[in-house]
Structures are given as structure tokens and as C-alpha cells.
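Step one of this worksheet: look at the structure below.
Computed over heavy atoms, backbone and side chain alike; hydrogens, waters and symmetry mates excluded. Chain letters run A, B, ... following the sequence lines, proteins first, then strands; residues in each count from 1. Treat the numbers as computed from the prediction; the structure is a model and nothing was measured.
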Amino acid sequence: MTSADPTVRPLESLSPQQLLDVVVRARAVGSGPEWERAVAAWKQLVAREHPRVLQSVKAFRFPHQPTVRIPPDEYDDVAIKCWERAVKMLGNFRGVSLGEFYAALHTCVQNTCKDHCRSRLVHEKKLAGSLDEPAPGADAYDPRGRFDAEVAELSYWQEPARIDARAGLDELAAAMERLDERSQAVVRGRIRGESSREIGQKLGESVANVDQIFRRAMIQIKGMMG
Amino acid sequence: MTDAADLLARFVDDWHAGRRPDVDQTLGQAAPEQRAELADALSAFLAIAPTPNYDETTLAELAEQPAVTAAVEAFTATAPDTLAAARRPWPQLVAEWRQRAGLSVDAAARRVLEAAGLHDANVGRAAEYLYGFESGQHKPEQASPRLLDVLARALGVSRAELGPAATAALLRADEERRSDVWRFEVLADAMTTAPHTRGDPVDELFFG
């Protein structure tokens, strides 16, 4: 018989939320069996979430510069950096919900990828084109470089402890609220794991329409999340 | 080329089924002009998608990924005890570990050499080097990776304690390296420190 108490159940049987609870609870302990269990829980959690991080690194495109992305041979290195950043974030992690964790992880990936691209661009200035090229819309007298706005933001991102998981989730909730009702229903259904056909039957839409609504909603959410 | 909405839908279905869909493969099937927008849609989905239920084989495979190992090491290094240790200077840590083991510098040096399998090596030289690390004359980045292992065994320090502490010391040294002050120190050290004899087993143990 398996106990319902997540503090004694085998870690393999715990949900991601329960694993996160074990990690967050033991964060201040630092030694002993509870800490060791937290380390093992963290390993389980990272293993389950690693596909999310790795695929997010692959999907990353620099804001307003979609051709600037992580080179394939650097995916693994950047994913490691993302996790290292996530660990630092965890030290300041006030949230305990999985949604907050996902949102914070997304922020970690985006910021790590931006930093990585930025440092690569600086390194390969000649290959990537001059960073001193004028910003879009800037005239010859405008001293702003095309990445200056992003660089200004990077100085904020340098401080991982300031990542606010709650803010990430609030941002997502706000983005969802801005979708029309039909889009919200499609997004909720698809996130719950319902098929496009099932959602289409409920809403009286074709499968192709459901897929289009979902695609547009994701692009809209991405635009609002950054 | 497949329609972007269709590709996104397939990615979502595969994700929920735990089939670990690949972003690059998905984007590769889209028309070039649709790829950036599809990448954004995939990124948004990945930010909110629930974690799939992976089977045991997949989970075991994922747990072996270098990124997972790195994340666990980084997490271990955040243990409050380890952080408190890591905040102390490297020389103080080395001295503390030796004193905790109840050993004089000479006795510790002898034990370090035994742990390294160097039974006939020069104990005096090893004691001098060990004292060099305790006094701050030798910086943590000068220690060979093997020395950390041997120190851990000889002084009864767990790798979990020694590794992160040494890493933290190295990171601090790396930060200091960026400053001009560090450069002047290095120059001064280089001018005043006698070069270690190459090929000496004690030198190799301590400095690699």
C-alpha cells in the first residue's frame, strides 16, 4: 500500500507539483535526509522538465531579430546554462505552484538565450553584422545601436535573483484574458490534452479551424509574454 | 510544406503523448516564411504546457542527460551549509578541514601522499604546498583536479562539501581575475614564485 503523504512516498510516484513542493520545502534545510530527498526530487523534476527547456531553447528567436537564434551545436550548453539560472532563481522562488514554476522557467530560458545570443553577437560582430548598425527607424544622427534597447534590458537580466515567478504567471494570465472566449476555450482544451477534434465537436468548429485558432492564440500569447 | 497550424497541432498531440516532439523537425516541415511565427507559437505552448507522463525508460534516459546532472550539481551547491562554507575564504576552508581531521600540517601532508599512492614521496615538499594553500600563497585555481579528490579522501571531507566549496572559490577567483588588481597580483606572483619542478610526483599531485 502506498502512503498518500508526499513526504514519504517514492519520488517516482510523485507528480511534478509534489516534487516541486519537496524541493521548495527543504530549500532552507541544507543537510540531512530531508535535504537529500530534496536533491533527489530536484533531479526527478529536472529530468521531467528538461524536454521543455531544451525544446524552448530550440524555439528561441531573438526579439525583433528572428534570424538570431541558438546554433544547434550549442543547444545542450545553453540548456545547461538555463538550468543553472533556474537553480539561482529557485533560491528566490516564492511561488509554490507549478504554473509559477513553468512561467519562471520560461523567463529563465528566454533570458539565458538572449544573453547567449548577445555574447555571441559581440564575439562574432563581423560575421553577424555590426552591433553598431542603427536601430530600426533610427536615422544617421541617431546614436542608438540596433540592439541597444535589448542591451539595456540585459543589465536587468544579469541579476537572476530578481526573476519574479509570480509576475511571469500574472503576465500569462493577463495574456489569456485578452483572448476572445472561443480562443480561450480552445487553448484551455488543448493545454488539458483534448484533441482538436474533441474541441471542435464541443464548439461546433472544424478541426482545421480549431488548429488555426490555437495557432493564432499562441502567437498572441507569445507576443504578450515576450 | 505542411501548414503551420497543422504542424503545431501535431507537436501538441505528440507532447501530451510523451513522444518528445522536436522543435527543429517541426520547423523543418514548415515553409521558410512561416518558421519564425511557428517558433513563437511553439515557445508559447512550451511555456504553459503540462508535463507529460513519461514512461520509466524515457525518464531514466532523461535523468542521464548532462543538463540534468549539471542542474543537480548546481542545486547541491545551493545547500545553505555549503553556501555558508563557500563564503569562507579558500585558505580558511583548507585549514579548517585539516584541523577537523585532527592533523598537523606534516601529518596531513603524509596522509595526502598516502591517499595519492605516493608512499616514498617528499613529505616536506607536500607539507610546504599544503601550507601554501592554507596561507593563501597558492590560489585554489592552482590546485590540480586530482588534488581535490585526494584532499577529500585524506581529510575525510565529502565530495558534496568539498566540490561546491572549491567551485565557489574558483568562481570567486574567476571574478577577481577580471579586475586589474588581480592581474597585478598574478604578475607579482609570477615574478616572486619559483617555478615548480616538472615531472616531480608531488608537484604533479598538487598543481597538475
Check whether A:P51 gets within reach of chain B through its side chain, its backbone, both or neither, counting any heavy atom under 4.5 Å. both
What part of B:E37 gets closer than 4.5 Å to chain A, counting heavy atoms only: side chain, backbone, both or neither? both
So CH2 of B:W15 and CZ of A:R52: to nearest 0.5 Å the spacing works out to 5.0 Å
Between A:I191 and chain B, with a heavy-atom cut-off of 4.5 Å, which part of the residue counts as in contact: side chain, backbone, both or neither? both
Using a 4.5 angstrom heavy-atom cutoff, name the option from A:R48, A:E84, A:Q44 with the most pairs to chain B. A:R48
Main-chain N/O of A:R190 paired with B:H16 side-chain donor or acceptor, under 3.5 Å: yes
Of the listed B:A63, B:A17, B:A70, B:A49, the one with the largest count of heavy-atom pairs under 4.5 Å with chain A is B:A49
B:D24, CG atom: more than 12 neighbouring heavy atoms under 6.0 Å: yes
Parallel, tilted or perpendicular: ring planes of A:F214 versus B:F45, cut at 30 and 60 degrees: perpendicular
Taking B:L42, B:L59, B:T26 one by one, which has the highest count of heavy-atom pairs under 4.5 Å against chain A? B:L59
Would you say CZ of B:R19 has more than 12 non-hydrogen atoms from neighbouring residues, nucleotides or ligands within 6.0 angstrom? yes
Of all heavy-atom pairs linking B:L62 and A:A47, the shortest is CD1-O, 3.3 Å
Determine the minimum heavy-atom distance between B:A74 and A:V87, stating which atoms define it. O-CG1, 3.5 Å
Side-chain contact test, heavy atoms from C-beta onward, threshold under 4.5 Å: evaluate it for A:M218 versus B:D40 and give yes or no. no
Give the member of B:N53, B:T58, B:L38, B:D22 that has the highest number of heavy-atom pairs under 4.5 Å with chain A. B:D22
Residue pair A:Q212 / B:D3, side-chain heavy-atom distance below 4.5 Å: yes
For the side chain of A:W42 and the backbone of B:T76, is there at least one donor-acceptor N/O pair under 3.5 Å apart? no
Looking only at B:A47, B:G18, B:P66, most heavy-atom pairs under 4.5 Å shared with chain A are made by B:A47
Between A:Y75 and chain B, which part of the residue has a heavy atom less than 4.5 Å away: side chain, backbone, both or neither? side chain
Can a donor-acceptor pair be found, under 3.5 Å and without considering hydrogens, that links the side chain of A:Y102 to the backbone of B:T51? yes
Is it the case that more than 12 heavy atoms not belonging to A:E181 sit under 6.0 Å from its CD atom? no
Can you tell if the side chain of A:D211 reaches within under 4.5 Å of the side chain of B:L8, non-hydrogen atoms only? no
Pairwise distance NZ(A:K222) to CG(B:L46) - rounded to 0.5 angstrom: 9.5 Å
May I ask you to decide if B:A36's main-chain N or O and A:R61's side chain share a donor-acceptor pair within less than 3.5 Å? no
Which of the residues B:L7, B:D6, B:I48 is involved in the greatest number of heavy-atom pairs with chain A at under 4.5 angstrom? B:I48
Close side-chain approach of A:Q55 and B:S43, heavy atoms under 4.5 Å: no
Relative to chain B, which segment of A:R69 carries a heavy atom at a distance below 4.5 Å: side chain, backbone, both, or neither? side chain
